[in-house]
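I have placed the structure first, in the form of C-alpha cells, so that the comments after it can refer back to it.
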Amino acid sequence: MGTTAPPPPAATVRGSSGRLGDTIFEWMCRGAGLLVLLLLGGIIITLFIGGLPALRQFGIPFVWSTAWNPVEGREQFGAGIAIVGTVVASVLAIIMAVPLAFGVAFFLTELAPEWLKRPVGTAIELLAAVPSIIFGMWGLFVIVPIIQGYIQLGWIGEAMAELPGIGFLFASNSFTGTSLFAAALVLAIMILPFIAATMRDVFDQVPPVFKESAYGLGATRWEVVRNVVLPYTRTSVVGGIMLGLGRALGETMAVTFVIGNANRIATSIFDPTTTIASVVAMEFPESLTGSLQQSSLLLLGFLLFVISFVVLAISRYLLRSKLKA
Amino acid sequence: MSTTFTPSAPVRNADVAKGLAGRRKLMDAAVRWFCIAATILALAFLASIIVTLLWRGLEAMDFTIFTSEFRPTTYGDATAQKGGLLHAITGSLLMVSLATLIGTPIGLLVGTYLSEYARGSQLGNAVRFVSDVLLSAPSILIGLFIYQLVVLPMGGFSGIAGVISLAIIVIPVVVRTTEDMLSLIPNTLREAVVGLGAPKWKMIILVCYKAALAGIVTGVLLAIARIAGETAPLLLTSFGNNVVSGDMTRAMASLPVAIYQQANSGYPDLIAIAWSGALIVTLGVLLINIAARALLRNRG
C-alpha cells in the first residue's frame, strides 16, 4: 500500500447512465465487503448461541473442566482436556517448526545459488498446498510408526524417560505411536512452509545497504543475519510465527488421524489426547441434534474461534505494521 | 550489536585473534549447514508424502476407481466386486465448481472495494482485517457455522450446505489476490481512462480487471486447490453418500470425506481405495498450484 490513494474521479458530466452504473457498482462492492464482516459476526454469534445450552448447564467452569461423558443421563462436558491438548500440541509444533523455517528462509535468501532459489521455493510452497487430510494419512502411515519404533521405544525415548525430574514427560503406557508428539510433529511440518514463506519475504525486504555495510566490516553471514536482518525484521518474524500458531490451533484432519483421540490430559508427550478441532470432527457428525453434547461441541468451537482469532489478529497487526513502515 | 566485530582495542595476541576468527567461522559454518539440513529435511517431507501417495495409491488404482460407486468391502468375499470413487469424484467436482462460481464474484467485488473504493478508509481496513483472519481461520468452524445456519433448518446434511461452506473459504483467497493485483496497476492508467470520460465502473471492469486478469485467475485457481482438499467443513455439512447423486438437497459425497471414511473403515481393500483417492486429490491440488504459479510468472 505504498502508493497514494487515487484521487476519486470526478463524477462524469455525461449522461446519468454512467453515474447510475457507478452508484450500483460501488454499492455492490461495498455490499460484498459488508458481507465479509457479516460472515465473521455470523460465525461468532451462531457458535455462541449454539453453545448457550451447554454454557447454562455447566457455567464458566466448562472452560477448565476436564469432564467428558456423553453417556445419556449422566452427561458431563468440559473443555479443559481439549484446550490443553490444542495449546500444547500447537506450542510444541511451533518449537519444532520455527528453527526449521528459519533455516529454510535463511537458505532461500542468503545461501542458495540463484538457479536453486525458485525450484526450492516452489517446492516449499507446494508443501503448504498439500491438503490436511493427506498429512493425516501420511502421518499415520509414516510418522507414527517412526515415533513408535524408533523414538519412543528406541534408545532416544528410553534415555529420555530415564532423565531425572522430567523423565515422566517421555514415559507412557501407550505404545501405539498415535500421540501428542505425533500431532505436534505433523503440525510442525504443516506450518513450516507458512512461517518460512513469511520469513523469506521479510528477509528480502531488508535494504541491501544494511547487509553490505555489515559484510564490509568483515561480518560473517550468520553475524549479518543475527545482528542486522533479525533485528530489522523482528516484528514480522514474530507475526509469521503467530500466523503459524493460528493455523496449528485450528488444524483438524491431520491431527485427528495421529493424536489418538483420547479424552484425557496427556502427562507424557507419547500419550494420546485430543484437541478442540479433532473432538468436534470426531463427535459432531454423530451427536444428536439439540443434545447437550452437540451444544458443548459448539461451545468448544466458540472457544477455538476466540483463541485463534486473538492469535491471528496479533499476527495481522504485527505483519501489517511492518508493511507500512 | 554483538561484540564480535567491534574494533575496540587492537588484538595483539595473534593466537587469540586466530581463535576468535576460527570460532566465528565455525559458528557461521554450523549455521550454514543447519540451514542446508533444514531445507533438505523440508524437501524430504514433501518427497516422502509424494512417494507414499504413489506407492500406496497405485495399489488399488484402476479404471474401477473412476467408473464405479462405493461398494462394501470385498474382504472375505471372493465374489464381491471392487468399488470405486465415482460418487465422490462427481460430488467433489459439483460442489467445488458451484462453490467457486459463488465465491469468486463475491471475493472479486470485495477485492475491488478494498483496492478501488476503500483505500485508507476505516470500513475498508476492517473488511481487509476480517478477510485476512477468515483466510487462516479454522475451516471446521465454518462447517459448524453452516451446520447451524443451513443443515439444521433443512433438517439434514446437504450438498447445498457443503457448497456454501466451501464458497466461504473461497472468498478470502480471491479477495487477497484481487486486491494485491489491482493495487499493482499504476494510477496513471486509471487517470487516463477516467480522463477520457469513462465512468469508474467501466474503468474497473474494462481496464483494471483486464490488466489484473492473470493475477485474478491465479487467485481463483489457488482457491480451487484449497477447497478441493477441504475435509473438515464438508464432514459437518454435506457429510457423505455412497452413490452418484446430483440432488443438492441431500447429503453428497466428496473425495476428501470419502477418503476419510474409507481410510478409517479398517478394511484393507477400502483403505487402498482411500489411498487412490488421496493420490488423485493431491496430484490435482499440486498441479493446479503449479499452473497458478506458472500463470502468474508468465503474465505480460
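Any value given below was found using the heavy atoms of this structure, including those in side chains, with hydrogens, waters and symmetry copies removed. Every chain is numbered from 1 and lettered A, B, ... according to where its sequence line falls, protein lines coming before strand lines.
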Legend entry - Proximal component of Leu35(A), with respect to chain B [non-hydrogen, under 4.5 Å]: side chain
Inset, instruction - Report the option among Leu286(B), Asp132(B), Ile288(B) that has the most heavy-atom pairs separated by less than 4.5 Å from atoms of chain A. - result: Asp132(B)
Legend entry - Atom group of Ser315(A) that falls short of 4.5 Å from chain B, counting heavy atoms: neither
Inset, instruction - Report the distance from atom CG of Leu108(B) to atom SG of Cys29(A), rounding to the nearest 0.5 Å. - result: 8.0 Å
Inset, instruction - Determine yes or no for a side-chain-to-main-chain donor-acceptor pair under 3.5 angstrom, with Asn289(B) supplying the side chain and Leu126(A) the backbone. - result: no
Inset, instruction - Would you name the heavy atoms of Leu134(B) and Ile43(A) that are closest together and state the gap between them? - result: CD2-CD1, 4.1 Å
Legend entry - Ring center gap for Phe34(B) and Trp222(A) short of 6.0 angstrom: no
Inset, instruction - Quick one: do Phe305(A) and Leu144(B) satisfy side chain to side chain contact (heavy atoms under 4.5 Å, CB included)? Show the steps, please. - result: CA-CA 11 Å; Phe305(A) 191 88; Leu144(B) 281 178; over 6 Å; no
Legend entry - Verdict with supporting geometry, Arg293(B) and Thr122(A), side chain to side chain contact (heavy atoms under 4.5 Å, CB included): CA-CA 9 Å; Arg293(B) 277 161 225 288; Thr122(A) 307; 4.1 Å; yes
Legend entry - Atom pair CG (Leu111(A)) and OG1 (Thr39(B)), whose distance is rounded to the nearest 0.5 Å: 8.0 Å
Legend entry - Side chain, backbone, both or neither of Val285(B) within contact of chain A (heavy atoms, under 4.5 Å): side chain
Inset, instruction - Apply the test side chain to side chain contact (heavy atoms under 4.5 Å, CB included) to residues Arg32(B) and Glu110(A): give CA-CA distance (whole Å), side-chain angles for both, the deciding distance (0.1 Å), then the verdict. - result: CA-CA 10 Å; Arg32(B) 194 176 331 156; Glu110(A) 302 288 326; over 6 Å; no
Legend entry - Exercise: identify the closest heavy-atom pair between Val142(A) and Ser48(B): CG1-OG, 4.1 Å
Legend entry - Pairwise distance OH(Tyr317(A)) to CZ(Phe129(B)) - rounded to 0.5 angstrom: 12.0 Å
Legend entry - Segment of Met137(A) engaging chain B (4.5 angstrom heavy-atom cut-off): both
Legend entry - The single option from Val281(B), Ile227(B), Ile259(B), Thr231(B) passing side-chain contact (heavy atoms from CB on, under 4.5 Å) against Pro131(A): Val281(B)
Legend entry - Side-chain donor/acceptor of Asp22(A) to backbone N/O of Lys200(B), under 3.5 Å: yes
Inset, instruction - For the pair Phe25(A) and Tyr117(B), name the ring-plane relationship: parallel under 30°, tilted 30 to 60°, perpendicular over 60°. - result: tilted
Inset, instruction - Quick one: which of Ile50(B), Thr282(B), Leu236(B) has the most heavy-atom pairs under 4.5 Å with chain A, could you say? - result: Leu236(B)
Legend entry - Non-hydrogen atoms of Leu109(B) and Ala32(A) that approach each other most closely: CB-CB, 3.6 Å
Inset, instruction - Using a 4.5 Å cut-off on heavy atoms from C-beta on, say whether the side chain of Ile24(A) contacts that of Trp201(B). - result: no
Inset, instruction - Take Ile133(A) and Glu230(B) through the side chain to side chain contact (heavy atoms under 4.5 Å, CB included) test and state the conclusion after the steps. - result: CA-CA 8 Å; Ile133(A) 187 172; Glu230(B) 275 295 350; over 6 Å; no
Inset, instruction - Taking all heavy atoms of Asp28(B) and all of Arg221(A), pick out the closest pair and write down the distance. - result: OD1-N, 3.3 Å
Legend entry - Part of Leu304(A) within contact of chain B (heavy atom distance under 4.5 Å): both
Legend entry - Contacting moiety of Val36(A), where chain B heavy atoms sit under 4.5 Å: both
Legend entry - Within the 6.0 Å centroid threshold, strictly below: Phe284(A) and Tyr147(B): yes
